[in-house]
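No experiment lies behind these values; they were computed from the predicted model shown. Every chain is numbered from 1, with letters handed out A, B, ... down the list of sequences.
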Amino acid sequence: MQTSTRSAVSIVLGGDAGQGVESSGAGFARALARAGFQVATRADYRSRIRGGHNFYQVRAGIQPVHSHSRGIHLLLALTPETVAVHQNEIVPGGAVIFDEGWQVDPSRLASLGVRPVSLPLSQLAETAGGKVMANTVVLGAAAAMMALPLDPLMSVVEENFARKGRPVVDGNLAALRAGYEAVQRKGAAAEFPYTLDLPPAAAGPGNGRRPSPPLLHGNHAFALGALAGGCRFVAAYPMTPATSLFEYLTAHAEETGLVSKHAEDEIAAITMAAGAGFAGARALVATSGGGFSLMVEALGMAGMVEVPLVVFVSQRGGPSTGLPTRSEQGDLLFTLFASQGEFPRVVLAPATVEQAFEAGWRSFNLAEKYQCPVIVLSDEYLSSSLRTVPEEALNRQRVKIDRGATLTWEDMDRIYGAPDSVSAPARPAAPYRRFAFTENGISPRAVPGHPAGVYAISTDEHDEWGHISEDQENRTRMMEKRMRKLETALACGDMRGPELYGPAQADLTLITWGSTYGAAREAVDLLNGHSAPGPGQPEAGVANLLTFTDIWPFPVEPASQALAAVRRGVVVEQNYTGQLARFLRMMAGYQPQASIRKYDGRPLAPEDILEALRERGMLHEG
Amino acid sequence: MQTSTRSAVSIVLGGDAGQGVESSGAGFARALARAGFQVATRADYRSRIRGGHNFYQVRAGIQPVHSHSRGIHLLLALTPETVAVHQNEIVPGGAVIFDEGWQVDPSRLASLGVRPVSLPLSQLAETAGGKVMANTVVLGAAAAMMALPLDPLMSVVEENFARKGRPVVDGNLAALRAGYEAVQRKGAAAEFPYTLDLPPAAAGPGNGRRPSPPLLHGNHAFALGALAGGCRFVAAYPMTPATSLFEYLTAHAEETGLVSKHAEDEIAAITMAAGAGFAGARALVATSGGGFSLMVEALGMAGMVEVPLVVFVSQRGGPSTGLPTRSEQGDLLFTLFASQGEFPRVVLAPATVEQAFEAGWRSFNLAEKYQCPVIVLSDEYLSSSLRTVPEEALNRQRVKIDRGATLTWEDMDRIYGAPDSVSAPARPAAPYRRFAFTENGISPRAVPGHPAGVYAISTDEHDEWGHISEDQENRTRMMEKRMRKLETALACGDMRGPELYGPAQADLTLITWGSTYGAAREAVDLLNGHSAPGPGQPEAGVANLLTFTDIWPFPVEPASQALAAVRRGVVVEQNYTGQLARFLRMMAGYQPQASIRKYDGRPLAPEDILEALRERGMLHEG
Amino acid sequence: MRDDARGRGSGGGNPAVQAQLPGGARPAAAGPVVTLQMFTSEQKPTWCPGCGDFAILNAIRQALVELQIAPHQVVLVSGIGCGSKLPDYLHANGFMSLHGRPLPVATGIRLVNPSLRVLVVDGDGDAYGIGGNHFLHVQRRNLDITHIVENNQIYALTKGQYSPTSEAGFRTSTSPQGALEQPVLPTRLAFTAGATFIARGFAGDPKHLASIIAAGIRHPGYALIDVLQPCVTFNKVNTYDWYRERVYKVEETGHDPQDRQAAARLVEEWGPRIPIGVLYEDHSQPTYESQVPGLARGPVVGRRLDDLPDETYARLVDQFR
Amino acid sequence: MRDDARGRGSGGGNPAVQAQLPGGARPAAAGPVVTLQMFTSEQKPTWCPGCGDFAILNAIRQALVELQIAPHQVVLVSGIGCGSKLPDYLHANGFMSLHGRPLPVATGIRLVNPSLRVLVVDGDGDAYGIGGNHFLHVQRRNLDITHIVENNQIYALTKGQYSPTSEAGFRTSTSPQGALEQPVLPTRLAFTAGATFIARGFAGDPKHLASIIAAGIRHPGYALIDVLQPCVTFNKVNTYDWYRERVYKVEETGHDPQDRQAAARLVEEWGPRIPIGVLYEDHSQPTYESQVPGLARGPVVGRRLDDLPDETYARLVDQFR
Ligand SMILES: Cc1ncc(C[n+]2csc(CCOP(=O)(O)OP(=O)(O)O)c2C)c(N)n1
Ligand SMILES: Cc1ncc(C[n+]2csc(CCOP(=O)(O)OP(=O)(O)O)c2C)c(N)n1
Ligand code: SF4
Ligand code: SF4
Ligand SMILES: [Mg+2]
Ligand SMILES: [Mg+2]
């Protein structure tokens, strides 16, 4: 098996749930980032607390890495099962580190061209401070194999174990060194082809040149964007894979002045957020499909009463409880049409960690500008896979805050007179019309508290003042006023057409949405014969990539133009029914030549896409 | 204004909520049906208990009536407001009955060509037994105007007031007669052109010839079908316009051996039904969009654990609380894609009272055959407008019961050995596989209770036995097994293509779903120049009608064929965004020439469709 | 903060908007004297003549005037039902939300702007039926919300199904042989679940009711006021007379609401005698709002959206390196 | 019917399917003696070593054997959470439903086939958190369901957030400064809401727990068994030792569960001493199932689907003329 991008190296750490696979893997990734590498990770774990095989992949290189991949250069095994499960994925010339006490068939490894590196892992761990430190030993060994300095790993170990006290830190540092030295003693790294030499220009803080790039996943990026964008209220009920967003904001609530509420259920979470949004806060809820299902009624409420609200939905394997810790893109059409009746909503589907950050603040601008619920669709892979991003991606200066037609106190004073001039009966001659009919559908919005801006809202159909009304003409106009906001959003250019990656012209266009972007991008690079694009992207090539990030209101014009330029289109998505393909047919009459769909909960790798294209006879290969 | 079908006569009774408009109107309709007429009604009422203008339309004729209409032949006013609101809808030559004490502008009526019939309504009511009887007085007056015999009305009054005791019955009978005689005394009916003369052949029980046709609405028809089809469990939380279905079944629970549960909320209702379905009962829930929103999570559960379940959703004006007592078709795409992830479901949209009856039993067959949730989409208009249907429509002999691959006790005995031969450990050598992989996706289903059929189901992904499984290959196969059921349903011909009404070839094809059918059908008849089709429908004509009743799984082939034959297509539906049109584009790549959409909560009348066609320049008129 | 949350009767304000003002805090208006007339709405109630909801509407207005809380300083949050239309018939801020969901909506409002007084007004179906889970959990929180339940022991707007407070055996369209469930006794349930103020009012005694509502608003924390509200159209059993024969005022018996033992007995009483008045009051509990870390620097909506210091932001980013 | 509903230990059966059999009722099998082994599943629990759920699993098996209820005669309904995976680790009928929804699922099963024994096994998040409304209303109904709550005072499967039974001040990822809510005391809540059987068990005493579960199953009506279940991974406060220092057995104090006064005190007790055992039992209430009109002629699933007599059908149609 060929790795997707030659210059990136892939390390997989495998073991049982409860062995610290995820935390060690993430620690290793962080050390690599600190060393100045570009990193992408993938965690594969089960919906249980202990037991069962888990693994963690770290891919690192000098060029940006956009996805995990199939091939493994170095396998770190904490259990014999890890060797059995993953040995076939190791590339020729790759290596596997395992405990010398295990029964591992060397001939099998030899036939695969894999170098066996058996070390006294558990014994070294025991000596360093306890069996549980085997994961640290193996990280030290990995560093030695890959010719990595130990400094970054040591700094990560120091930090990660700090709250467990000095002895634990020291034990783990000893474990690190023990693994490192064991490999060196054995000379096991000699001529190992997949070393990670320090990049020439880039270098981490250990090297004192410039800060290492931030390493984070989509949930944390979204949270940062939301905080920078003024989000100060979050209500949620824990649900994988959205929990880390909620927990992150909660952990930083005091420091940032954010109010966080662990609600009694998802219905309470979203209705609390609606209350907060009504009162004038930028309010967020975070959930996954099952929780979103419970929020559907209140989503429609927000649409009807025109209260801004952001709903972050991280998709996981469905239907129902499904595969709670795995990735899928199964909720596109559901979130688009959720709730009875028709009302404006915005749906964004960030494809990368960078876009997740942007969605963090942009979603609130759109929610307040169009006074409606905004759904941000993520998925388990985007929500929990760490990736290094350029410094610029989290630059706060790029964050814009736009509250649209939210009326300030001064606006209200200007329109209705200053409050101290308001005497009993404290009512303006022409009372404030919360739902005033306007050309663009947007009614200037006062938040409750100003003496002249007293109003009530109702989920029943209502008139301009908010009073319940069944009047036929008012109904028609109010429906049109609300829906007009979507046209305004399109007319303002607030919704972006699909993003093109790769050459402007190509024989083959992959069409994606959400986190599938990463694998598709790497697939496109492989098809075009370069591991990562140089500054001068050629005008034409074998393949390119069209990614839809702004789903609703659907930017018909740019989308149709982009689709019209597609020669052979292949929609790549992680679901069974081909939801994006259906959606594009519905909205743009577009039908692709082929579809690649995966629905086993495991994210697509670049190689999966190439293989599927090959199977469909869509690659012109020798 | 021209009435849609000359042979049907339209009577409108108007008054305040609380004046008994609906019950009197329905009583009048029933009397007409008993007299042997074909009847269709429409109730227009507000979401409040008292006050506010309500009205009730009864259309009656000798030929079947399929819809309400715009024109009024006889207006019965219980309030001055009724005259003001409706006078412009009265056809020339029509009449209005009102109280002689009111200020009604005779010149306005005269200019409209409307005959004013002022009677001492409240005085007559008072004499008969009380002011509240004004509605009965006016019915008597109406009978006189239309040359109707009083017998059928008297029998309805007898029955309706029976539980209030003899004095009330007698008072109302007197009120009837008083109204009747007042018109006669005044000679107000002389040469009134819109009399309802007794049909020559047809005649009601009063005439002793044959039983009058059943007069009922979609909810009651569905309930009858469900009872005949073996539905014996219903759980619901009251919600207009589905409540009457729930209340009907509950009222007849003891008599039919049905278990009815008024649940604490809609989540409980549907999960109770899922429990009942799992245990082997034919289980129903009934709700409207807001309640359905709360059921979304459990809908996916039923899909995942393959438990049969029927969800009756009667649409009302949305979004959110919206227009609770009004009609809309706003939930098509919502119900189609509701719940996270992907799973098989069936969506049926009966268009008529007859089809509602059929959906009553057919939905349960489909639910059990395909072991999945079935959604039946109705709307307020279908759910609460009474229509006479042919005797044959409710014929129990046409009801088929098909439980698909439900395993009987004998099946289990045959496969696993009779229970008394089962000794400890009571397990068959090859344990029962609830989710066995099969070619058609349908796994034979045992219901809990048989010693050899012990199994557990889980909303987590599971293996053939039902055990939780995260295995990659099992997941893919299980997903495909479940989804294959939809292909099986299509392959078996269980899903019907659109129904064609009118000539096989036509210049213009109206395309509808749900209750809009009635108005569209009458519009087609008007366009083709005959009020109702004779037995020999011509091969070609001006217009015809294509109605989609089986929405999902979408019968692509018959639908595409039918759509390919359409010359100029106009999708007519009661929503803002054109959901059927979008759906047809998504599933069949079809785009209509034009769309007619109404979203004010008032059902489309045939004249609305003609007018809209005219506005769009789609009628070739002199 | 705790004091902030209690800033009632003050000028109120629109802190959400101050967020957009460079000048920061704005002086409170020298408010006019609050009068009944200030609450008058152009909307005419659509309730049936004689409905108990009229008295509740009036009692709320009375209480607000008594406490000098102006229309802009208060938000009335309701659900869906006959009684939940109340905010439409009153000139004040309001949010007529979803059936059963006013409590979490109100929670959200309080959590971002504790300078607004928040009243929840809903039906027995809202509060004890579909909204039961929120009812349960709100009791544990002691948010400063005044919760007025229009308890007519029936689902009225949907035309007469039995409700969680309907007596066992009560016949309706969904209980044709009589309700098979034991009724919820709201006062007892709230007591058990942790409420710090529990009262019962009667729509047939609007003056008494107004005084109870005022006491509930005054109470620093969650206050349940279950109101016996005759539905003259659908509940032919629990009529004005039925209630009148049974109710008695606890203050006339010398009851001290702070006596937990005595209160424990009163919240249980439902039968030939039904206590009305303030049954229980516990002043010792802090409000939930006063303990929320994110509110330490004042109401959320009073702050600028871009108030996160650059240093804080940089520190947050650095944690990902 | 009431006796029908109590037909436990009998051969059980598959009445749903009899509906398709022309022969009508079918003789019950001469059941084999029910043994522990009959419940053994091939599935290995995925719980952490030391988790209290193991003891609950064993106690349930013990209780079923004690009562001679065979795997095909029982249905275990659960929610979603660590503990709610229990039905997968037991050979018996099961329905692992949705987070918080096992009670209404179980209600549906009982209402159409009261010949099946129904046990609900769920977590504190399921029962008292998201499922609180069902918990509240099921107490009022007295359906014959045995409800076993694996109460670890934490959300475990989602990795450690505070739950409705977490103590005030308990620090977790969603309560970093400590929980601000007062905890739910399930025994007290159930008592108030109308439960007819209330018990508490401790996973550290599986034999005692098994006897309580057996008593709960024997009770003709709803039985709540709140089980103190240490979560060794996420709850470092409420450990085996923590519970062991506090629990005492009420039967050893001579408590009579039918003494309502005494029970009222015990259901309130939670602190230095925590009572375990059967706290309350009231035999006087009829089950809900026994009063349902539609069940008068036996379980729904035991009847043919086409059993509606033609005369009845004709009468129904005639009512529309
Ligand atoms: C989710 C949902 N389910 C059902 C309804 C229908 N509904 C409207 S009001 C109501 C009950 C009203 O009872 P209550 O809350 O006691 O208020 P009342 O009308 O008696 O004042 C119901 C069931 C709804 N609006 N939303
Ligand atoms: C609707 C919904 N929301 C959230 C979740 C995520 N979730 C799974 S288990 C759980 C809580 C588990 O706590 P508990 O019920 O106490 O069970 P435990 O794991 O402690 O045994 C949550 C929130 C879900 N599955 N469904
Ligand atoms: S139906 Fe009852 S609650 Fe509703 S307005 Fe009329 S009297 Fe009041
Ligand atoms: S996390 Fe806690 S509750 Fe879950 S299996 Fe482990 S010990 Fe048990
Ligand atoms: Mg009520
Ligand atoms: Mg728990």
Name every donor-acceptor pair, under 3.5 Å, that has one atom in a side chain of residues 129-136 of chain D and the other anywhere in the protein, sequence neighbours excluded.
{"residue": "D:Asn133", "atom": "OD1", "partner": "C:Gly132", "partner atom": "N", "Å": "3.3"}
{"residue": "D:Asn133", "atom": "OD1", "partner": "D:His137", "partner atom": "NE2", "Å": "3.3"}
{"residue": "D:Asn133", "atom": "ND2", "partner": "B:Asp265", "partner atom": "OD2", "Å": "3.2"}
{"residue": "D:Asn133", "atom": "ND2", "partner": "C:Gly129", "partner atom": "O", "Å": "2.9"}
{"residue": "D:Asn133", "atom": "ND2", "partner": "C:Ile130", "partner atom": "O", "Å": "3.4"}
{"residue": "D:His134", "atom": "ND1", "partner": "B:Glu264", "partner atom": "OE2", "Å": "3.0"}
{"residue": "D:His134", "atom": "NE2", "partner": "D:Arg101", "partner atom": "NH1", "Å": "2.8"}

Residues that D:Tyr288 engages under ring pair (Phe, Tyr, Trp, His ring centres under 6.0 Å), provided they are two or more places apart: none

Top contributor to chain C interface from D:Ala168, D:Pro164, D:Pro176, D:Gly178 [non-hydrogen pairs under 4.5 Å]: D:Pro164

Contacts with chain D made by residues 147-159 of chain C (heavy-atom distance under 4.5 Å), listed by residue number: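 When heavy atoms of chain D are the reference, residues 147-159 of chain C contributes no residue within the under-4.5 Å range.
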
Residues 181-190 of chain C: residues contacting chain D (heavy atom under 4.5 Å, by number):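 So far as heavy atoms go, C:Glu181, C:Gln182, C:Pro183, C:Val184, C:Arg188, C:Leu189 are the residues that approach chain D to under 4.5 Å.
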
Contact summary for D:Arg140 and C:Ser163, nearest pair of heavy atoms: NH2-O, 4.5 Å

